[in-house]
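Only one structure is covered here, and it is reproduced in the block below.
Atoms within each ligand, like the ligands themselves, are counted from 1 in listed order.
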Amino acid sequence: MREPVQARVDLDAVRANVALLRDRAAGAEVMAMVKAEGYGHGLVETARAALDGGAAWLGVARVAEALRLRAAGVTAPVLVAVATQGEPYEEAVAAGVDLTVGSAGLVARIAAAAERAGRPARVHLKADTGLSRGGATMADWPSVVDAAGAAQASGRIEVVGLMSHFACADEPGHPSIAGQLAAFREAVEHAEKAGLRPQVRHLANSAATLTLPEARYDMVRPGIAIYGLTPIPQQGTFGLRPAMTLAAELAAVKRVPAGSGVSYGHTYVTARETTLGLVAAGYGDGVPRHGSSLLEVLVGGRRHRIAGRVCMDQFVVDLGDDAPSAGDEVLLFGPGDHGEPTAQEWADALGTISYEIVTRIGTRVPRVYPGGPAGR
Ligand SMILES: *Cc1c(COP(=O)(O)O)cnc(C)c1O
């Protein structure tokens with residue numbers, strides 16, 4: 001391998017995962033969520049692969065991400081699914097980027113940006129149906145609908161969507177799910193009575209896309225599943241294929257005596273004479289320091305645990321009497337085909353979710369697309 005550490009992204013897996021989700025969406029459109037650099041897999045490449053796989057829409061969290069997609073020539077509809085106050089709305093409107101709105105105040109600001117941009121802003125009204133995060137509470141929803149209706153009548157905005165987001169879709173049967181479905185139904189009915197009949201109503205994330213047919217409406221918004229990671233680990237993989245393999249070089253191998261303290265703080269001490277391997281990846285690359293003496297990696301076809309503390313640029317494994325060579329490849333996580341851990345396995349060991357494992361892979365790590373870049 002030419003890079004000391006690289007994240008290999010299998011875009012065929014992304015395409016296949018999107019095709020599977022599209023199937024499960026049963027006629028609803030798919031908005032592929034590619035925020036946070038495509039959950040660490042690369043913004044533009046995964047967006048293109050998702051479109052190849054049958055997604056019609058893309059979703060991001062920041063206007064800057066949407067503008068990068070436009071600059072790369074992506075013409076599909078793109079929604080900035082998170083509303084913040086200080087975004088460059090005029091640029092977004094000029095680039096034909098869809099914006100999420102959850103308050104009458106934001107409707108007014110975006111309408112003003114649309115006037116400056118000289119074209120109507122495309123917006124999705126977001127209802128807070130129970131997550132208590134973004135979006136208008138049920139109490140404020142009528143005022144947002146009224147403001148949006150008025151701005152649409154004056155030609156400054158076009159209401160393209162009505163949306164919400166689940167709190168507990170990854171816990172099938174959780175009592176909040178039925179409540180959120182009912183609240184969304186009410187929010188949609190209210191908007192329709194007020195004369196808003198937008199193109200798309202949407203609230204399903206990956207977990208809901210896979211388990212809640214009644215949440216599909218006109219469009220689903222899967223994120224994690226596109227990258228092949230399960231949104232509900234207790235229910236298995238749903239046939240999804242993990243797209244990312246994190247690989248690093250075995251930079252050095254050396255024999256050390258029993259009683260050798262390993263890495264900062266000497267939190268690991270060799271029990272006997274052994275071979276240590278130095279792996280060229282650290283927390284500067286996104287390997288969690290909490291994984292010190294905990295996470296396993298695949299070296300020379302065998303699992304070995306990280307020995308002692310993860311450093312910024314490297315960590316050590318205790319190879320015992322295994323004798324791989326310096327320059328060999330170490331698999332940190334991947335689909336598991338060769339016996340390497342999966343991102344889900346790392347997440348379980350660390351008490352976090354797979355989302356965080358892949359999204360935290362650092363900007364220093366090159367994303368490599370072995371099958372070549374996506375075609376559109
Ligand atoms: C991130 C995000 C999603 C995707 O969630 P997953 O659990 O990754 O499928 C869907 N909708 C919104 C608004 C999001 O921010």
Side-chain angles (χ1 to χ4, degrees), residues 14 17-18 20-22 24-25 28-41 43 46-47 50 53 55-66 77-84 87 97-102 123-136 160-172 174 176-177 180-181 184 187 200-212 215-235 237-238 240 242-244 343-344 347 352-360:
V14 171
N17 294 329
V18 172
L20 180 152
L21 290 159
R22 201 171 166 203
R24 297 296 281 259
E29 297 283 9
V30 174
M31 171 185 284
M33 297 304 295
V34 294
K35 59 192 177 186
E37 297 301 320
Y39 289 44
H41 294 65
L43 172 68
T46 54
W57 291 66
L58 298 168
V60 294
R62 308 275 185 254
V63 168
E65 295 175 312
V78 179
L79 171 65
V80 179
V82 176
T84 56
E87 297 268 35
V97 166
D98 292 24
L99 297 167
T100 297
V101 179
V123 304
H124 298 237
L125 307 185
K126 188 173 197 173
D128 175 5
T129 55
L131 175 60
S132 301
R133 204 177 65 178
V160 177
L162 301 176
M163 63 186 287
S164 190
H165 194 47
F166 280 112
C168 308
D170 56 334
E171 296 176 49
H174 192 282
S176 67
I177 294 173
Q180 286 201 261
L181 281 167
F184 189 63
V200 280
R201 300 159 298 172
H202 49 104
L203 82 159
N205 57 5
S206 295
T209 302
L210 291 165
T211 62
L212 275 180
R216 286 173 193 147
Y217 280 86
D218 308 304
M219 182 160 78
V220 295
R221 302 190 309 260
I224 196 71
I226 286 170
Y227 309 99
L229 298 167
T230 177
I232 313 177
Q234 317 83 267
Q235 291 199 2
T237 67
F238 295 94
L240 300 163
M244 185 190 289
Q344 182 62 49
T352 184
I353 53 177
S354 62
Y355 298 64
E356 191 184 8
I357 301 297
V358 288
T359 303
R360 67 181 295 153

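- Contact between Pro222 and ligand 1 is present, with at least one heavy atom of the residue lying under 4.0 Å from the ligand.
- Residue Arg22 places its CZ atom among 12 or fewer non-hydrogen atoms of other residues, nucleotides or ligands, all under 6.0 Å distant.
- Inter-residue side-chain proximity for Arg221 and Trp57 is flagged as unmet; no heavy-atom pair is nearer than 4.5 Å.
- The shortest N or O to N or O distance between Met163 and ligand 1 is not under 3.5 Å.
- Against a heavy-atom cut-off of under 4.0 Å, Ile224 is close to the following atoms of ligand 1: 6 (P), 8 (O), 9 (O).
- Checking Leu240, Leu21, Thr46 one by one against Ile226, the side chain to side chain contact (heavy atoms under 4.5 Å, CB included) holds for a single residue, Leu21.
- Of all the atoms in ligand 1, the ones that sit under 4.0 Å from a non-hydrogen atom of Tyr39 are 1 (C), 4 (C), 5 (O), 6 (P), 8 (O).
- The residue from Tyr355, Tyr227, Phe166 that puts a heavy atom closest to atom 6 (P) of ligand 1 is Tyr355.
- Enclosure of atom CZ in Arg360 by more than 12 non-hydrogen atoms of other residues, nucleotides or ligands within 6.0 angstrom is indicated.
- When hydrogens are left out, the protein atom nearest atom 11 (N) of ligand 1 is Arg221 NE, 2.9 Å; that is the closest non-hydrogen contact.
- Listed by number with element, the atoms of ligand 1 under 4.0 angstrom from any heavy atom of Ser206 are 6 (P), 9 (O).
- The distance from atom CG of Leu210 to atom OG1 of Thr230, rounded to the nearest 0.5 Å, is 7.5 Å.
- Separation of atoms CE (Met219) and OG1 (Thr209) is listed at 10.5 Å; rounding is to 0.5 Å.
- One distance of note links CG of Asp170 with OG1 of Thr211; it measures 9.0 Å at 0.5 Å rounding.
- Looking only at heavy atoms of the protein, atom 14 (C) of ligand 1 is closest to Lys35 NZ, 2.9 Å.
- For atom 12 (C) of ligand 1, the nearest protein heavy atom (residue, atom name, distance) is His165 CE1, 3.5 Å.
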